[in-house]
Amino acid sequence: MIVNEDLRVQAHETMSSNPTTLASIPDLRDRLGAWYRAHARVLPWRSEPTPYRVWMSEIMLQQTRVDTVIPYFERFQETFPTVGELAAASEERVLGLWAGLGYYRRARALHAAARVVADQGAFPDTVEGLLELPGVGRYTAGAIASIAFGIPAPVLDGNVARVLSRLLALEQPVDKPAGQRLLWGVAEDLVNPEDPSAHNQAMMELGALVCVPRSPRCPSCPLREDCRARAQDQVERYPIKGPRRRPKKVRAVAGLLLDAQRRMLLARRPEDGLLGGLWEVPGGDWPERLSAPAALEQVWRERVGVSIEVGERLGEVEHVFTHRKLRLVVHGIEVTEGEPVARGYPELRWVDHASVSSLPLSRLTQKVLAAVGWSDV
DNA sequence: CAGGCGTGGCC
DNA sequence: TGGCCAAGCCT
């Protein structure tokens with residue numbers, strides 16, 4: 001009987017996940033559209049949804065909250081009113097304006113894509129063409145295609161996945177390939193060909209304002225009568241997700257070296273990897289078995305190529321990355337032998353107090369500078 | 001395909 | 001407070 005029961009559950013799931021199911025619910029799209037017209041937030045990129053503005057907003061919004069993005073979007077649009085001006089800027093300038101927004105690979109992708117578009121003379125106007133741009137994946141291509149060009153392409157982001165997962169009471173983990181495939185199919189079938197821009201934004205807006213992860217506002221939901229999770233009174237059980245990795249604790253040291261004019265030595269991190277391309281106070285890993293001074297001596301020997309004497313402990317910074325909790329200790333140092341040469345770093349630079357802020361700095365480095373009294377951050 | 005990649009806000 | 005989350009992409 002257990003086997004039969006399982007098969008029935010499976011069959012039931014398959015039914016409820018059938019792409020035709022949601023799309024065939026009477027007026028579902030219309031109710032969603034009416035709700036969106038009444039409740040859509042006024043956002044900078046919505047007032048004038050040109051391909052350039054939509055593209056830039058979508059890159060910035062990847063894994064990033066609307067409130068965080070707005071000032072960055074405004075600043076970028078004021079600085080670079082056209083994609084041509086963005087393409088003509090230096091990468092360091094773009095990275096500098098991006099500083100603090102996180103996921104810095106996006107900044108380089110933004111710049112690279114701007115140069116592609118400037119070369120081609122215009123944005124691609126198909127999903128396939130958009131997918132060729134660096135930093136543009138399936139979600140972003142669908143968003144630009146639908147919002148900027150009115151193409152009936154689906155989008156599937158965290159919001160849409162949550163909304164659909166609850167509507168269907170989907171037992172599949174939404175963050176696994178199988179669940180993603182299923183949800184892309186549902187989203188594709190559900191897109192409203194009458195107004196794909198409003199439809200896609202409505203799905204995301206519903207997830208952002210009503211169908212939120214915790215304490216969803218079901219009484220305000222235009223789709224509440226169609227929601228299987230709500231019918232089961234188990235809305236917060238969905239979306240089901242796979243296990244998360246625990247953050248690991250890591251330690252690091254950094255050394256503050258000043259010259260006779262009280263300039264500070266900074267280093268640019270490698271393009272790839274953590275905080276790629278950003279500038280920092282030279283430092284690195286602090287192994288368990290070493291004291292902070294010993295670790296600092298080793299790091300500076302390997303990455304800056306000099307022997308040092310470790311001086312006063314100037315401060316300590318705690319910082320959280322994705323799945324990583326960092327404790328970083330900063331010491332003042334003196335060079336006892338050799339001249340600083342970039343080894344583990346692509347570039348070193350002496351920077352005075354006034355020009356520090358013109359470099360692309362991560363929040364972490366901003367904290368470090370604040371801890372040693374070099375900035376007001 | 002699982003894992004790397006920032007930051008800030010929430011409870 | 002630590003865990004979870006947010007308009008993903010890339011390798």
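In what follows, every heavy atom counts, from backbone to side chain, and hydrogens, waters and symmetry copies are set aside. Lettering of chains follows the sequences in order, A, B, ..., and the numbering in each one begins at 1.
Classification of A:E91 and A:R115 as a salt-bridged pair fails, no side-chain N sitting under 4.0 Å from a carboxylate O. A salt bridge does not link A:D27 with A:R31: every distance from a Lys NZ or Arg NE/NH1/NH2 to an Asp or Glu carboxylate oxygen is 4.0 Å or more. Between A:R105 and A:D272 no salt bridge is recorded (no basic side-chain N to carboxylate O distance below 4.0 Å).
When the salt bridge (charged side-chain N to carboxylate O under 4.0 Å, His left out) test is applied to A:R224, no partner is found at least two apart in sequence or on another chain. Residues forming a salt bridge (charged side-chain N to carboxylate O under 4.0 Å, His left out) with A:E236 (at least two apart in sequence, or on another chain): none. Residues forming a salt bridge (charged side-chain N to carboxylate O under 4.0 Å, His left out) with A:R46 (at least two apart in sequence, or on another chain): A:E205. By the salt bridge (charged side-chain N to carboxylate O under 4.0 Å, His left out) test, A:R29 is found to be paired with no residue, residues two or more places apart in sequence or in another chain being considered.
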* To do: At under 4.0 Å between heavy atoms, which parts of nucleotides 4-11 of chain B does protein reach? Answer with one letter per nucleotide, 5' to 3': B base, S sugar-phosphate only, - none.
  => BBBBB-B-
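Mapping A:R41 and A:G135 onto DNA chain C via the closest heavy atom, the residue that lands nearer the 5' end is A:R41.
Counting only N and O atoms by type, the side chains of A:Q366 and A:R363 include a donor and acceptor under 3.5 Å apart.
Counting to the nearest Å, the C1' atom of C:dA6 and the CD1 atom of A:I70 are 14 Å from each other.
Of all the residues in residues 191-207 of chain A, A:M204 reach under 4.0 Å from DNA chain C with at least one non-hydrogen atom.
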